[in-house]
Student: 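For reference, the structure I am asking about is given below.
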Protein chains: 2
Amino acid sequence: MAKPKQEDVVRFADMLGAMGTEPRLRIMRLLLSAHPEGMVVGEIGSELAISPSTLSHHLEKLKGEGLVRVRREKTFLWYTANADALQELPGFLYAECCTRNKAIEPQRIVCRQ
Amino acid sequence: MAKPKQEDVVRFADMLGAMGTEPRLRIMRLLLSAHPEGMVVGEIGSELAISPSTLSHHLEKLKGEGLVRVRREKTFLWYTANADALQELPGFLYAECCTRNKAIEPQRIVCRQ
DNA sequence: TTTATATTTCTACTATCATCGAAATAGTTA
DNA sequence: TAACTATTTCGATGATAGTAGAAATATAAA
């Protein structure tokens, strides 16, 4: 397998890990449902019943991995899902798919690129 | 947003979390590169330089989340990526995408279904 | 049966993470 | 400036996860 850059694997693993927790996956899906406007922190918190400090911690994590973006409007912070980042994920996962054994017939089940 | 079943969110979060660590993401990509035959445990371990017990622990986790499958052949255990499970992920993530604000123009950037 | 190899299970340790109350910060309005 | 609201930061705690050596299990071969 062609060696992926060390940083890339870590970066994508961190992205997946950031979504790999129930509350944060809920946040991402909620933000996607409200795409592309996004939502205000308070509304996310009341909808998902997450305390302010805990929610802020989760949003910070998602932001750190580039999965969400923030903009300020008056006193409110609007968070939106970062569509571009999400699009990268499957491509990275399947990048080297089925290349190892030189299969004559590409395996259509998984390999899309 | 239509409420996803509690178990589904947990299940998909666990799947993402299982891939959300550098060694396990490496394992998944390696197994995908060797798809659909898969690889023997020992070969995975030597290629990725992971100790047997640690590797076994990671494979157990991936298996538990349904991301890989195992078959025995003589003394060897062959692990393969579970393509079907991987396919489910994007669909679940985007399931309710952009439905919240009744946008007249569907947002093509993210919403594919 | 004995030996050898592949892989897992056990056990323990350290580090990281999720959670949340309280205090602090930032921006807005009066 | 003072008061108010939205949100973050701080600090602490309990729980979970990654790692790996040693022992155990499983299958095959001699």
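What you are looking at is a predicted structure, and each value in this text was computed from that prediction instead of being measured. Every chain is numbered from 1 and lettered A, B, ... according to where its sequence line falls, protein lines coming before strand lines.
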Student: Run B:R24 and B:E65 through salt bridge (charged side-chain N to carboxylate O under 4.0 Å, His left out) and show every step you take.
Tutor: CA-CA 12 Å; B:R24 284 198 296 263; B:E65 305 306 335; over 6 Å; no
Student: Begin with the C-alpha distance, continue with both residues' side-chain angles, and end with the deciding distance and a verdict on salt bridge (charged side-chain N to carboxylate O under 4.0 Å, His left out) for A:E37 and A:R69.
Tutor: CA-CA 11 Å; A:E37 289 81 9; A:R69 294 205 166 117; over 6 Å; no
Student: Just list the side-chain donor-acceptor pairs under 3.5 Å for residues 15-23 of chain B, sequence neighbours left out, or say none.
Tutor:
from  : atom 1 : to    : atom 2 : distance (Å)
B:E22 : OE2    : A:Q6  : NE2    : 3.3
B:E22 : OE2    : B:R26 : NH1    : 2.3

Student: Are B:L86 and B:V10 joined in one hydrophobic group, where the rule is that I, L, V, M, F, W and Y side chains link up if heavy atoms are under 4.5 Å apart?
Tutor: no
Student: Is there side-chain contact between B:L59 and B:S56, with at least one heavy-atom pair below 4.5 Å?
Tutor: no
Student: Of all the heavy-atom pairs spanning B:L32 and B:A81, show the shortest one and how long it is.
Tutor: CD2-CB, 3.7 Å
Student: Taking the cut-offs as 6.0 angstrom to the six-membered ring centre and 45 degrees off its axis, would you call A:R71 and A:Y79 a cation-pi pair?
Tutor: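 No, cation not above the ring by the 6.0 Å, 45° rule.
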Student: Other than A:F76, what residues sit in its cluster of Ile, Leu, Val, Met, Phe, Trp and Tyr side chains whose heavy atoms are under 4.5 Å apart, directly or through others?
Tutor: A:V40, A:W78
Student: Roughly how many Å is it from CD1 in A:I44 to C1' in D:dA6, rounded to a whole number?
Tutor: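 Answer to the nearest Å: 13 Å.
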Student: With the threshold set at under 4.0 Å for non-hydrogen atoms, list the residues of residues 52-61 of chain A touching DNA chain C in residue-number order.
Tutor: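 Heavy-atom contacts with DNA chain C come from A:S53, A:T54, A:H57, A:H58, A:K61.
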Student: Nearest 0.5 Å, please: how far is CD1 in A:I44 from CD1 in A:I50?
Tutor: 8.5 Å
Student: Within 45 degrees of the axis of the six-membered ring of A:Y94 and under 6.0 Å from its centre: does B:R29 put its NZ or CZ there?
Tutor: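 Negative - B:R29 is either too far from the ring of A:Y94 or too far off its axis.
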Student: Given side chains that start at C-beta, do those of B:L77 and B:V41 come closer than 4.5 Å, heavy atoms only?
Tutor: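 With C-beta onward as the side chain, the pair touches.
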Student: When you list every nucleotide of DNA chain C with an atom under 4.0 Å from a heavy atom of chain A, which one comes first 5' to 3', and which comes last?
Tutor: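 The contacted stretch runs from C:dC17 to C:dT29.
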Student: Once you round to the nearest 0.5 Å, how far does CG of B:L67 lie from OG1 of B:T80?
Tutor: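 So the CG of B:L67 and the OG1 of B:T80 are separated by 11.5 Å.
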Student: Which letter, B, S or -, goes with each nucleotide of nucleotides 24-30 of chain D from 5' to 3', with contact meaning a protein heavy atom under 4.0 Å?
Tutor: ---BSS-
Student: Considering only heavy atoms, which members of residues 13-25 of chain A lie under 4.0 Å from some atom of DNA chain D?
Tutor: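 Contacting residues: none.
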Student: Is there side-chain contact between B:L55 and B:I27, with at least one heavy-atom pair below 4.5 Å?
Tutor: yes
Student: Rounding to an integer number of Å, can you tell me how far A:M39 CE sits from D:dA6 P?
Tutor: 15 Å
